[in-house]
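Worksheet for the structure shown next.
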Amino acid sequence: MVIAVNEAAEQYLFDFEKEQPEIVAESRDELKLKLGGFAGPLDLLLFLIKQEKANIFDIPIAKITDEYLKYIRLMKSLDIAVAADFLVMAATLIEIKSKMLLPREPAQEAEEEFEDPREELIQQLVEYEKFRAAAEMLYEKSTIEQAIFTRGRIETDDNNSEINATVFDLLNVFQKVLLRFKEQVKLEIEREEISLAEMIDRVKSRLRSSGEVLLTDFFSELRSRRELVTAFIAVLEIVRTEKVSLKQNRTFGEIILRSV
Amino acid sequence: MTENVQENNEAELTEGQSNTAKSPAEIMAAAEAIIFVSDEPVTTKILSEVLGESREMVEAALEMLKNEYASRESGLQLREIAGGWQIATRAELHETVRKFLKRSPSAKLSIAALETLAVIAYKQPVTIPEILEIRGVQSASAIRTLLEKRLIVTKGHRETVGRPMQYGTSKEFLIQFGLRDLSDLPSIEDFQDLVSANLENQ
Amino acid sequence: MTENVQENNEAELTEGQSNTAKSPAEIMAAAEAIIFVSDEPVTTKILSEVLGESREMVEAALEMLKNEYASRESGLQLREIAGGWQIATRAELHETVRKFLKRSPSAKLSIAALETLAVIAYKQPVTIPEILEIRGVQSASAIRTLLEKRLIVTKGHRETVGRPMQYGTSKEFLIQFGLRDLSDLPSIEDFQDLVSANLENQ
């Protein structure tokens, strides 16, 4: 998606042809608006420094701060939510700028190592740019890798339900189970208990559709002790009144309810 | 007889064809790659369409490829099955292959087993009725799988009515999931920041 | 294609030895079949166990097999990735394969996610505050994306105040970025040189 650049915005120094404004949404929940796809304040800062053809070890702080603030204002004028980290950087820049403007005290000047107010920011930028370059390297590697394909499915492949689980999956799954559990409890409270007549109908319709009912399966679907008792009575009632039989192939084997 | 739209297509097509005049070796390589990535046997018709080569050319290439597989005593074979071509292991190697497949990595779990494992990991020591209550589904076969894969162990009986067996995770579980000990298991609080970041942006 | 006749004869000869030690050609064929059926890269350790051959024998066979794939202009390649061996298509054939699969390249990671991944890859095990310090921006949702894509995993708690969770890259990361192992990554200092060279030129 491209944001229309209004006339007011054109006065700014940005080369909008080159830096296409766009909304980069990594995921629905991250919908973070970024102009020109800046990954953060350091990214933007590096861009401005390069645009000014300035030396990173001798940043023209007043100029860069102005550019940076213009950019933030532009984002706001375009109704783009400015992430807090961009504002923190703006404050840092203003602070450095004001420190640079302060006249140096003679005593300070005499000190062997005058501490440049920009020093920390420079270190941060240099460190950041290394990882920025590493990110580009990863991008290239993944692009190459996407040109390589592994084999299609073959018979011996496991069912696709099998997953190679990580600890993160474990926690995610646990949270899902807990959520389901809570909803189920809520449902049970809301739902009225099933009557004997309804239970008899349920067993009968199951018998009609499949000819037989595996009792352990049927009982395991039930959600409360009372339902279980109701189901048990229902089965006895059906055996008494309908043409059905209860079968068990061996002692402790499956009990099957079957139409005769 | 050509309409405007078709003219366009034709122009593109012929351009494409002139670019893709392939040598037999190239057709063989491309066909091999396609058959390899396919989930199902690939017909010569499809190969001919994708490669933009005649059926005859494709068939000749496949015959050569098949002979190549056979002559270099490969572990694989190219074979015609169900009207299509497929790459498969050679029948003589089935025993070796079966031996390999038997030892599948134990971190691979079905959803049911993973759910059960998650409940046991976070609620241990826990009994089967408790797992049933949380999951809302019978977990007997999942527990059996987890015991077989040695991801869980029994942790003695609970001293309540019926003295149900308690379960917990094993040392193997720690190894499989790359944990030093159970305190390494991430808690919901650990991901709170990640979750709240999501909520803020929604 | 006829170059293989000699090999053929050799293989036949050694096949006569039946149950005793396998010939290099037999090890090559068996390894090829196993690597083919496996749904993830196979380590030489596993191959050596399944085949009952020494690691050295297996490694030598794999090298030969790799060269064989390269020398006949196959559509496939045998390669080392994520600490194991895998058969995959050759990169040059990606257009043809994609045309057949009717699949466009999968969604790329955002710059934010790639940056975060780079920091985690080079600084692991690393905590969220440390990532923030380097990137200068909150990385919560990028981390979530990377966790969901299984490119990173949790690496236990750091034993400092607040016991923050540590993160590191996964095997899936190696696979998706085509790396044999983490040492396959260029050194971060190389980027330093690159960056300072660029900056000083300006």
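Protein chains get the first letters and strands the later ones, always in sequence-line order, with residue 1 at the start of each.
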Spatial distance of atom CD1 (B/I111) from atom NZ (A/K176) [nearest 0.5 Å]: 7.5 Å
Within-4.5 Å side-chain heavy-atom neighbours: B/Y122 and A/V177: no
Can you tell me if CD on B/E40 sees more than 12 non-hydrogen neighbours from other groups inside 6.0 Å? no
With a 4.5 angstrom heavy-atom cut-off, could you sort out which part of B/V137 is near chain A: side chain, backbone, both or neither? side chain
Considering only heavy atoms, which portion of B/E115 lies under 4.5 Å from any heavy atom of chain A: side chain, backbone, both, or neither? both
Okay, B/E133 and chain A: the region with an atom under 4.5 Å from a heavy atom over there is both
Kindly give the heavy-atom pair with the smallest separation between A/V167 and B/F177, and that separation in Å. CG2-O, 3.3 Å
What is the minimum heavy-atom distance between B/V37 and A/F149, and which atoms define it? CG1-CB, 3.5 Å
Looking only at heavy atoms, the pair that brings A/L170 and B/A118 closest together is O-CB, 3.4 Å
Would the number of heavy atoms belonging to other residues, nucleotides or ligands and lying under 6.0 Å from OH of A/Y139 be above 12? no
How long is the straight-line distance from NZ of A/K182 back to CD1 of B/I134, given to the nearest 0.5 Å? 11.0 Å
Heavy-atom proximity to chain A below 4.5 Å, by part of B/L132: neither
Top contributor to chain B interface from A/N172, A/L178, A/L171 [non-hydrogen pairs under 4.5 Å]: A/L171
If you count heavy atoms of other groups shown closer than 6.0 angstrom to CD of B/E49, is the number above 12? yes
Got a sec: does the CD of B/E159 have more than 12 other heavy atoms crowding it under 6.0 Å? yes
Please classify the contact between A/R180 and chain B as side chain, backbone, both or neither, with a heavy-atom cut-off of under 4.5 Å. side chain
